[in-house]
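Encoded as structure tokens, here's the structure I'll be asking about.
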2 protein chains.
Amino acid sequence: MACEGELEEVGVGKLRTEAGAEIPEVRIAYQRWGEFAGDPHGKNNVLLIEHAVTGDSNVADWWADLLGPGKALDTRKWCVIATNALGGCAGSTGPASAHPDDGRAWGSRFPALSIRDLVRAERQFLEVLGITQVHAIIGGSMGGARTLEWTLLYPESITAACVIAVSARASGWQIGIQSAQISAIERDPFWHGGDYYASGKTPREGLAAARRIAHLTYRGEQEIDERFGVQAQRGEDPLGPYRAGNQRFAVNSYLDYQGEKLARRFDAGSYVTLTEALNRHDVGRDRGGLNKALATSTVPTMVVGVDTDILYPYHQQEHISRNIGNLLAMAKIVSPVGHDAFLAEARQMDRILRNFLTLSAPDGLELETAFSGSEYYI
Amino acid sequence: MACEGELEEVGVGKLRTEAGAEIPEVRIAYQRWGEFAGDPHGKNNVLLIEHAVTGDSNVADWWADLLGPGKALDTRKWCVIATNALGGCAGSTGPASAHPDDGRAWGSRFPALSIRDLVRAERQFLEVLGITQVHAIIGGSMGGARTLEWTLLYPESITAACVIAVSARASGWQIGIQSAQISAIERDPFWHGGDYYASGKTPREGLAAARRIAHLTYRGEQEIDERFGVQAQRGEDPLGPYRAGNQRFAVNSYLDYQGEKLARRFDAGSYVTLTEALNRHDVGRDRGGLNKALATSTVPTMVVGVDTDILYPYHQQEHISRNIGNLLAMAKIVSPVGHDAFLAEARQMDRILRNFLTLSAPDGLELETAFSGSEYYI
């Protein structure tokens, strides 16, 4: 396994997508914290953490208060593994990766992915590591969608799941707002239908525009207003006699910053690919519909939502909890922050994750640690 | 006055904007239904109706169930007047109008407007008609913003006001999402900084993209999902092996239709101008702040909101009602439709408007009708 916290890539073979396209050589990059203990094909201490759409495997960064010795995801007890999603741009195969035929970027040749494809690639990755069972899978937003699909694709491999701030399928509203983001990228003159990688230019402005829209769905409406209201950006005058893009309200300066920050670190092709995967999120597809699919779930699942979430409103988590076959518990994060509260409200998430791990291993996990040989109880 | 229901233009002279620019010759187009009765400088039967951002003076169209003989806005009793907003493209002066200096479109020379500028132009229009008093002003969304500004700019001219589905100022979230729409237009290669009128091309795609975003804030999140969910558009496959813009989910076909429909009938320059006016909406500006400004209001005002409004959430109408100096009544439209419910829920709006008119004229209006000479009571 990778050294503690270090990014490592693993070849996991070919993948045939749900829609019938093929990626001949998939690589998955991942990170690990804490030592493995237990049986790789039975009871063990693996927690698989699933990141959000523009997140990555570096859980120690985006859940810094929750991962580490003594924290909720206690790395003295648990072996925490996180992969970078297939289709992304943080080490795993995606549209910016070299195509095996010609070494040029996949670009528009990269197939459309579903959330199930992301999960299947991750499953293949675990098998390459020699692991077919994990204690639990935990994820929020796109990570929650992947977690939920895990429980339906590979229920025999999971003791428990924690599904955070997501729905059982994309809603019409989500598809609409996510497609507006894809459109913002596609209308950038440097997009070139997805084949911009050799052009020397990137569709930065389109990606930034997409992120500005997305960010407004990630934060609470009242939180944004309390922070910015109608304030002018310092040194700028948004109330002048003529409108000017460099004379901004403070909220627009903030959104510009969020857009530019993402454009620097994220690939537009990956953004389109993973946003499209969210559009295709539907646990009911080919399973007799949404509620039948949820009802078949046997994995004890905790469902978590945020009261002010615009993107995945709380009624969507209530829907999952009412219909899922084996509900472990439900938790509501109360916060002005909106969707991002599962990242921002560390105190509440700490309580929720500790409760989840207690519920999922009520008698403690009796395991031999890989490094000490001594038994311990979680 | 204009013939019943017919569009007529009136020159109202020059207007100096709140931010200090000048429009030398403003024209305002308007429509009228019902005969004027009473004193143009005192008690009379005028109801001034204010349209929404891409609406127009044709109230008989967008409030068809509410305007007419025997309806809530009973044209046998009331003289209903509606103007097209300054800055728009339905007959009143806007960026597509001919500049008096050279006869070419104003384009980027057209100044930034505030909601107050729209109201001042309308006030000048009424004065040209010879009217300085109206019974009531009624408006939703941008029309609600104008109504609220009317009550603060010209309180002595109004007996009552009905402010629907709006806030006392733009929120940070609104400015963000509205600016995303402006950005979608500005990034269209045919925008040319606003000076596209002589180019033979219009920024249709940018305007359509703006409308797709806007429309998602005009409708309820659950309503959109109940109507479309993850359905494919008939004859298209949004789940194919490669993403394709012509293989759509039904919701995207619907949003495309909304965008194209607006792009056919509305000018992109007007869209930017009026959206910017909404960004600048703030009744507190230069009046000692939001709540002080509201507290000074003396006009009996009814405040109406929609429980599922994403764009102007109901807490914003609660805020107005708690702080306004002379609250006449409060009403909540309960609807899955979201913001557009004030246009769509005719039955509820009928009840609300009838109640408003009863409250605003509790003893009936005793007026001589212009055409019959007989007295009547409303």
Side-chain angles (χ1 to χ4, degrees), chain A residues 17-21 108 111-112 114 169-177 179-180 182-184 186-189 205-206 209 212-213 215-216 219 221-222 224-231 238-243 245 248-252 254-255 272-273 276 279-280 282 284-285 310 313 315, chain B residues 17-21 108-109 111-112 114 169-177 179-180 182-184 186-189 205-206 209 212-213 215-216 219 221-222 224-231 238-243 245 248-252 254-255 272-273 276 279-280 282 285 310 313 315:
Chain A
T17 68
E18 186 182 355
S108 66
S114 68
R169 64 157 168 78
S171 76
W173 199 90
Q174 285 157 4
I175 292 173
I177 202 78
S179 299
I182 291 175
S183 165
E186 287 179 329
R187 296 193 311 108
D188 189 303
E205 286 196 22
R212 289 198 299 265
I213 299 167
H215 197 78
L216 288 165
R219 307 301 291 201
E221 175 264 329
Q222 289 185 275
I224 292 273
D225 190 48
E226 285 164 15
R227 285 174 70 182
F228 301 107
V230 291
Q231 288 169 54
L239 300 174
Y242 297 88
R243 215 177 54 75
R248 296 169 299 177
F249 290 98
V251 66
N252 284 335
Y254 165 74
L255 292 170
V272 169
T273 296
E276 174 68 17
N279 280 351
R280 296 180 179 211
D282 179 4
R285 186 168 57 245
I310 293 171
H315 67 81
Chain B
T17 68
E18 186 183 356
S108 66
R109 298 175 291 180
S114 69
R169 64 156 168 78
S171 76
W173 198 90
Q174 285 157 3
I175 293 172
I177 203 78
S179 300
I182 291 174
S183 165
E186 288 179 327
R187 297 194 309 108
D188 189 302
E205 288 196 21
R212 291 199 298 266
I213 298 167
H215 197 79
L216 288 164
R219 307 301 293 201
E221 175 265 330
Q222 288 184 275
I224 291 273
D225 190 48
E226 284 164 16
R227 284 174 70 180
F228 302 106
V230 293
Q231 289 169 54
L239 300 173
Y242 297 88
R243 214 176 55 74
R248 295 169 300 176
F249 291 98
V251 66
N252 284 335
Y254 165 74
L255 292 171
V272 169
T273 296
E276 174 69 17
N279 281 351
R280 296 181 180 212
D282 179 4
R285 185 166 59 243
I310 293 171
H315 66 80

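As the structure is a computational prediction, the values presented were derived from the model and not from experiment. Here is how names work: the chains are called A, B, and so on, in the same order as the sequence lines, proteins then strands, and each is numbered from 1.
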Residue S108(A) versus chain B: region with a heavy atom under 4.5 Å: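 Contact with chain B involves the backbone of S108(A) alone.
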Proximal component of S171(B), with respect to chain A [non-hydrogen, under 4.5 Å]: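 S171(B) touches chain A through backbone and side-chain heavy atoms alike.
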Any donor-acceptor pair under 3.5 Å from R169(B) side chain to G229(A) backbone: no
Donor-acceptor pair, side chain of W173(B) and main chain of D225(A), under 3.5 angstrom: no
Top of A250(B), G20(B), G245(B), S179(B) for chain A proximity - count of heavy-atom pairs under 4.5 angstrom: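 Of the candidates given, the most pairs with chain A belong to S179(B).
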Residue among G284(A), P238(A), A112(A), A170(A) with most heavy-atom pairs under 4.5 Å to chain B: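 Of G284(A), P238(A), A112(A), A170(A), A112(A) has the most heavy-atom pairs under 4.5 Å with chain B.
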Partner chain B: residue of N279(A), I182(A), N252(A) with the largest heavy-atom pair count (under 4.5 Å):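 Among the listed options, the one with the most contacts to chain B is N252(A).
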Pick from H315(B), E205(B), R212(B) with the largest number of heavy-atom pairs that fall under 4.5 Å of chain A: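 Winner by heavy-atom pair count: H315(B).
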Partner set under side-chain hydrogen bond (donor to acceptor under 3.5 Å, both in side chains) for R248(B), not counting sequence neighbours: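 R248(B) satisfies side-chain hydrogen bond (donor to acceptor under 3.5 Å, both in side chains) with E236(B), D256(B) once adjacent residues are dropped.
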Passing candidate, side chain to side chain contact (heavy atoms under 4.5 Å, CB included) with I175(B), options L255(A), I224(A), V251(A):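 Passing option: V251(A).
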Contacts of P189(A) that satisfy side-chain contact (heavy atoms from CB on, under 4.5 Å) - sequence neighbours left out: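 Per chain and number, P189(A) pairs via side-chain contact (heavy atoms from CB on, under 4.5 Å) with no residue.
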E276(B) atom CD: more than 12 heavy-atom contacts under 6.0 Å: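 Yes, the 6.0 Å shell around CD holds more than 12 heavy atoms from other groups.
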R227(B) side chain to G172(A) backbone, donor-acceptor under 3.5 Å: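 A pair under 3.5 Å: no.
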Option in R243(B), E226(B), R285(B) with maximal non-hydrogen atom pairs under 4.5 Å from chain A: R243(B)
Y242(B) versus chain A, the contacting section by heavy-atom distance below 4.5 Å: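 Answer is both: backbone and side chain atoms of Y242(B) are under 4.5 Å from chain A.
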Leading residue by heavy atom contact count with chain A [cutoff under 4.5 Å; candidates Q222(B), Q231(B), E186(B)]: Q222(B)
L239(B) backbone acceptor or donor facing R280(A) side chain under 3.5 Å: yes
Top of A180(B), S114(B), P111(B) for chain A proximity - count of heavy-atom pairs under 4.5 angstrom: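 Going by pairs under 4.5 Å, I would pick P111(B).
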Among A19(B), A184(B), P313(B), S183(B), residue most engaged with chain A (heavy-atom pairs, under 4.5 Å): A19(B)
